[in-house]
Amino acid sequence: MTNPVVQKVNPMLTEERAKASFPVEELTYILDGGKFNTEKRREIEELVTKDPNFEHPPIQFMTREQQYSLAVKKALLVQQRLKELDMLDDPYASYFFRRIAMPREVSPIGLHWVMFVPTLMGQCSDEQRERWLQRALNYEIIGTYAQTEMGHGTFLRGIETTATYDPSSQQFVLHSPTTTSIKWWPGGLGKTCNYAVVVAQLHTQGRCHGVHMFLVQLRDESTHRSLPGVVCGDIGPKMGYHTIDNGFLQLNSVRIPRENMLMRNAEVQPDGTYIRRVSNEKLTYGTMVFVRSLIVSDAARGISEAATIAVRYACVRRQGEPSSPGAPEPRLLDYPVHQYRLLTCVANCYGLWFASEVLRDLYFTVQPDVLEGRTERLPETHALSAGLKAVGSNRGAACVEECRRCCGGFGFSEASGLPKIYNDINPACTYEGENTVMLLQTGRHLLKCVERARRGEQLAPSDAYIRSRPTPQPKLAGGPLTADLLLGWLRWRSLSMLLEVSGRFNSFIEQRQAWADAFQAVSRRLTRCAEAHCILYVGQAFLDSAKAAENPKICGVLTSLCRLFLLNEVVSGAGDVQLSRSDLARCQDAIDSLLTELRPNAVALVEAFDLPDRMLCSVIGRYDGQVYEAMLQWARQSPLNATDVHESYELYTRQFLAGRSLAKL
Ligand SMILES: CCCCCCCCCCCCCCCCCCCCCCC/C=C/C(=O)SCCNC(=O)CCNC(=O)[C@H](O)C(C)(C)COP(=O)(O)OP(=O)(O)OC[C@H]1O[C@@H](n2cnc3c(N)ncnc32)[C@H](O)[C@@H]1OP(=O)(O)O
Ligand SMILES: Cc1cc2nc3c(=O)[nH]c(=O)nc-3n(C[C@H](O)[C@H](O)[C@H](O)COP(=O)(O)OP(=O)(O)OC[C@H]3O[C@@H](n4cnc5c(N)ncnc54)[C@H](O)[C@@H]3O)c2cc1C
């Protein structure tokens with residue numbers, strides 16, 4: 001991928017940039033978590049941009065094999081560079097290095113650092129960490145996280161792979177007893193990795209102790225050939241993620257040493273005795289909680305990219321009836337409905353961005369306690385990471401798609417960069433727990449919170465608004481529709497919905513239905529409660545961040561954007577609870593006013609994300625706004641244009657036109 005040469009900037013974009021009412025650079029510092037981080041990120045971006053090794057033609061014109069091969073080379077080159085630059089121990093620096101070096105190539109070794117290493121950190125005993133972690137951190141071994149099977153993804157307890165302990169050899173025998181037990185999906189498993197954390201049912205002394213994790217070597221460390229008993233490969237082309245070899249794995253009685261069971265929370269002793277050190281079995285699922293919290297920020301980043309492209313394009317694209325004879329055609333951004341479509345995406349992006357920071361802080365606050373077996377705040381963390389992962393990726397996919405449609409036909413072209421952003425974000429709705437299933441986890445937690453509130457027990461901070469009795473509806477009529485008032489209304493909505501569903505649930509229980517059946521009976525409604533709870537969390541994080549901005553101009557614009565987010569939620573959630581027609585009309589009017597107010601800042605709000613052209617990989621979202629010339633240049637690169645007459649003409653079309661049968665060819 002080559003950086004587009006910045007040409008003379010399109011005056012329409014210059015004009016829009018001049019309208020910003022706040023210092024864009026300062027907002028960038030806030031988004032980056034401080035000026036220091038912004039400067040560091042830019043230094044890294046420059047390093048990568050200057051490095052010719054990371055340049056290549058657009059991957060969209062390559063075959064899948066070429067894309068995979070290129071991605072392997074770049075991913076490993078990134079590791080080498082990070083080592084040379086002594087940046088391996090700096091998560092912020094190495095994260096940005098990877099992003100800018102591989103902006104549109106999902107990394108074949110991504111699972112190594114997102115799941116394999118975190119699992120070793122969270123699930124190994126101290127001694128096991130000594131043995132494996134440093135090797136993994138040094139990339140002497142490359143691993144993946146192999147949990148999902150053909151037959152089971154969601155229902156983890158249904159996993160069929162077995163790990164049977166053999167005390168005579170002090171080994172575990174890892175086995176895939178059925179076709180449905182074949183591991184399916186793990187990233188990098190097909191061709192790239194030589195190790196995997198394998199999730200399997202642990203059997204010892206004739207008893208099954210449920211799912212546990214095992215470190216399994218898959219390939220020889222020098223030849224990379226798969227080891228005896230290991231059958232693995234790529235699962236084939238997917239909707240996106242072409243650069244990564246999601247794989248399958250069949251284990252035929254593969255033996256591993258006893259010490260390869262990850263033993264932080266439970267242990268099998270040499271004689272086969274099973275000992276559980278920590279009572280909470282769900283600690284085994286810790287890596288998923290971590291990754292779910294990361295997915296929220298990833299979704300926000302996806303929207304930031306799509307919105308930057310679509311907003312810039314909306315400033316330079318003219319289409320429609322001129323307002324007066326001789327006047328230019330209107331820009332897309334001049335249409336209020338277009339402003340609504342784009343600015344609500346921008347508002348969602350900021351909301352998720354700030355919420356992901358709060359969630360990440362919560363995770364890192366709670367994690368040290370969890371590692372020591374103190375799990376009091378685990379249910380809240382699990383419920384939030386599951387629910388926000390679902391809301392974040394759902395919104396992420398929806399907003400990116402909206403931005404894509406906002407770009408008309410060009411949005412469908414790979415040249416826009418938008419299909420790729422969509423295809424990268426969309427699978428997050430499925431992986432790390434399918435979104436509906438995740439919302440049900442949050443809903444289950446919320447139901448239990450109502451029960452605890454009824455018993456007068458204390459609830460975790462993010463659940464503290466939950467009571468066992470309804471509260472009065474905040475009045476939206478009369479005074480100004482402030483962000484605090486709107487947030488209060490969303491809090492009331494969330495509680496009202498939850499109490500209604502909890503009441504139904506209790507009535508099923510009183511009718512002597514089993515807990516699980518009563519849960520199913522309210523599950524559809526419960527997913528809406530979970531969404532409302534998560535949106536409240538996003539809104540709170542957004543408003544807190546807006547208020548925390550020291551510069552009053554930034555505080556002002558963020559508060560307005562936050563109000564747009566909250567109002568849009570009130571309007572779209574009006575059907576969940578009773579909102580009067582007049583209140584609804586007031587909210588709609590307030591949205592119209594906010595669009596007019598925010599429109600001059602549309603470009604500034606997306607450019608605060610500070611995404612260089614190299615990152616956006618978009619012909620229509622370029623900084624210089626020179627869209628049409630660049631589009632022509634892009635099309636010229638299509639391999640179909642390598643010759644004037646394509647070979648298919650000689651082979652088929654000529655024969656067809658001459659009336660010859662194609663069947664024999
Ligand atoms: C200077 C600044 C420094 C900053 C530096 C930072 C810079 C870095 C910037 C960071 C950004 C990084 C961004 C990186 C990009 C990340 C993008 C991510 C890409 C990742 C690629 C991922 C690839 C995909 C991988 C996978 O998919 S792996 C497989 C995942 N599989 C699943 O998720 C399966 C889903 N199923 C389940 O989880 C469970 O089975 C279930 C929860 C659905 C049900 O489980 P079960 O039936 O056993 O349980 P119950 O429903 O009966 O519940 C029992 C109780 O247990 C609780 N529970 C369940 N799960 C958990 C859990 N995980 N933790 C805690 N508790 C849990 C239930 O709630 C029940 O509780 P109760 O009984 O009390 O009610
Ligand atoms: C791109 C990608 C990368 C992946 N990477 C990995 C990886 O690295 N490692 C790994 O182990 N796995 C990986 N996965 C697998 C992923 O975690 C699973 O696909 C996911 O957890 C869903 O499981 P499933 O495919 O079995 O879907 P299913 O569980 O069969 O779900 C199908 C549908 O049924 C619904 N459903 C299921 N159960 C319930 C229920 N109890 N109540 C209501 N509705 C329900 C779901 O909502 C869903 O819509 C990856 C998947 C993808 C797409």
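Values below: every heavy atom of this structure, side chains too, minus hydrogens, waters and symmetry copies. Atoms within each ligand, like the ligands themselves, are counted from 1 in listed order.
- Close approach to G433 involves these atoms of ligand 1, each under 4.0 Å from a residue heavy atom: 32 (C), 33 (O), 35 (C).
- Rounding to the nearest 0.5 Å places CD1 of I421 at 8.5 Å from CD1 of I425.
- Taking the six-membered ring for Trp and thresholds of 30 and 60 degrees, W515 and F519 have nearly parallel ring planes, at less than 30 degrees apart.
- The shortest N or O to N or O distance between T148 and ligand 2 is below 3.5 Å.
- Taking a 4.0 Å cut-off on heavy atoms, H445 fails to register as neighbouring ligand 1.
- By the 6.0 Å contact criterion, CZ on R207 is open, its count of non-hydrogen atoms from other residues, nucleotides or ligands being 12 or less.
- Comparing Y92, Y95, Y241 by heavy-atom distance to atom 3 (C) of ligand 1, the nearest is Y92.
- Listed here is the closest heavy atom pair of N506 and E451: OD1-OE1, 4.3 Å.
- Taking every heavy atom of V437 and a limit of under 4.0 angstrom, the matching atoms of ligand 1 come to 43 (C).
- In L156, the parts holding a heavy atom less than 4.0 Å from any atom of ligand 1 are both the side chain and the backbone.
- For atom 10 (C) of ligand 1, the candidate residues are L294, T430, I425; the nearest heavy-atom contact is made by L294.
- Nearest-residue assignment for atom 65 (C) of ligand 1 (options H382, Q441, E434; heavy-atom criterion): H382.
- When heavy-atom distances to ligand 2 are checked against a 4.0 Å cut-off, E432 comes that close only through its backbone atoms N, CA, C and O.
- The nearest non-hydrogen atom to atom 70 (C) of ligand 1, considering only R444, M115, M288, R360, comes from R444.
- Of all protein heavy atoms, the one lying nearest to atom 55 (C) of ligand 1 is K282 CE, 3.7 Å.
- The nearest protein atom to atom 74 (O) of ligand 1, hydrogens excluded, is given as K448 NZ, 3.5 Å; this is a heavy-atom distance.
- Between E434 and ligand 2, at least one N/O pair is under 3.5 Å apart.
- Note: F54 and F97 have perpendicular aromatic rings, judged against thresholds of 30 and 60 degrees for the angle between ring planes.
- Applying the 6.0 Å contact sphere to CD of Q458 captures no more than 12 heavy atoms from other residues, nucleotides or ligands.
- For K238, the NZ atom counts as densely surrounded, since its 6.0 Å shell holds more than 12 non-hydrogen atoms of other residues, nucleotides or ligands.
- The number of heavy-atom neighbours closer than 6.0 Å to OH of Y95, taken from other residues, nucleotides and ligands shown, is above 12.
- Heavy-atom proximity to atom 46 (P) of ligand 1, evaluated over Q147, R99, R157, is greatest for R157.
- Atoms of ligand 1 found under 4.0 Å from any heavy atom of D298 (numbered from 1 in listed order, with element): 15 (C), 17 (C).
- Ligand 1 is approached by G153 to a heavy-atom distance shorter than 4.0 Å.
- Classified by interplanar angle (parallel below 30°, tilted 30° to 60°, perpendicular above 60°), the ring pair W353/F609 is tilted.
- Proximity of V199 to ligand 2, defined as any heavy-atom pair under 4.0 Å, is not found for any part of the residue.
- Taking each heavy atom of A390 and M438 in turn, the nearest pair found is CB-CB, 4.1 Å.
- Separation of atoms CZ (R104) and CG (N423) is listed at 11.0 Å; rounding is to 0.5 Å.
- A donor and an acceptor atom, one from each side chain of Y145 and T119, are nowhere located under 3.5 Å apart.
- By the criterion of a heavy-atom distance under 4.0 Å, neither the backbone nor the side chain of W185 is placed next to ligand 1.
- Distances below 4.0 Å separate heavy atoms of Y145 from the following atoms of ligand 2: 7 (C), 8 (O), 9 (N), 10 (C), 11 (O).
- Considering backbone and side-chain atoms alike, T154 places an N or O below 3.5 Å from some N or O of ligand 2.
- For atom 11 (C) of ligand 1, the nearest protein heavy atom (residue, atom name, distance) is S297 OG, 3.6 Å.
- Under the 4.0 angstrom criterion for non-hydrogen atoms, G187 is not in contact with ligand 1.
- Contacts between L111 and ligand 2, counted as non-hydrogen atom pairs separated by less than 4.0 Å, involve the side chain only.
- For ligand 1, the atoms closer than 4.0 angstrom to any heavy atom of Y145 are 28 (S).
- In this structure, atom 7 (C) of ligand 2 has protein heavy atoms in its sub-4.0 angstrom surroundings.
- Here the closest heavy-atom approach between residue R467 and residue A464 is recorded as NH1-O, 3.0 Å.
- Taking a cut-off of under 4.0 Å to the non-hydrogen atoms of Y285, the atoms of ligand 1 that pass are 48 (O), 60 (N), 61 (C), 62 (C), 63 (N).
- Residue contacts with ligand 1 include R292, since one of its heavy atoms falls under 4.0 Å from the ligand.
- Protein heavy atom nearest atom 28 (S) of ligand 1, with residue, atom name and distance: E432 OE2, 3.5 Å.
- Interface of Q147 with ligand 2, defined as ligand atoms under 4.0 Å from a residue heavy atom, comprises 11 (O).
- More than 12 non-hydrogen atoms from other residues, nucleotides or ligands lie less than 6.0 angstrom from CD of E434.
- Between Y195 and F116, the distance from one ring center to the other does not fall under 6.0 angstrom.
- Between Y274 and H209, the ring planes lie parallel to each other; the angle is under 30°, not in the 30° to 60° tilted range.
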For E45 and R41: C-alpha separation, side-chain torsions, deciding distance, then whether salt bridge (Lys or Arg N to Asp or Glu O under 4.0 Å) applies.
CA-CA 6 Å; E45 283 167 3; R41 177 173 57 73; 3.0 Å; yes
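- By the neighbour-count criterion of 12 heavy atoms within 6.0 Å, atom CZ of R99 is densely surrounded, having more than that number from other residues, nucleotides or ligands.
- Under 4.0 Å from ligand 1, heavy atoms of Y431 appear from its side chain as well as its backbone.
- Inclusion of H152 in the set of residues having an N or O under 3.5 Å from an N or O of ligand 2 is not warranted.
- Closer than 4.0 Å to atom 30 (O) of ligand 2 lies none of the heavy atoms of the protein.
- The shortest N or O to N or O distance between G187 and ligand 2 is under 3.5 Å.
- Ranking protein heavy atoms by distance to atom 40 (O) of ligand 1, first place goes to T154 O, 2.9 Å.
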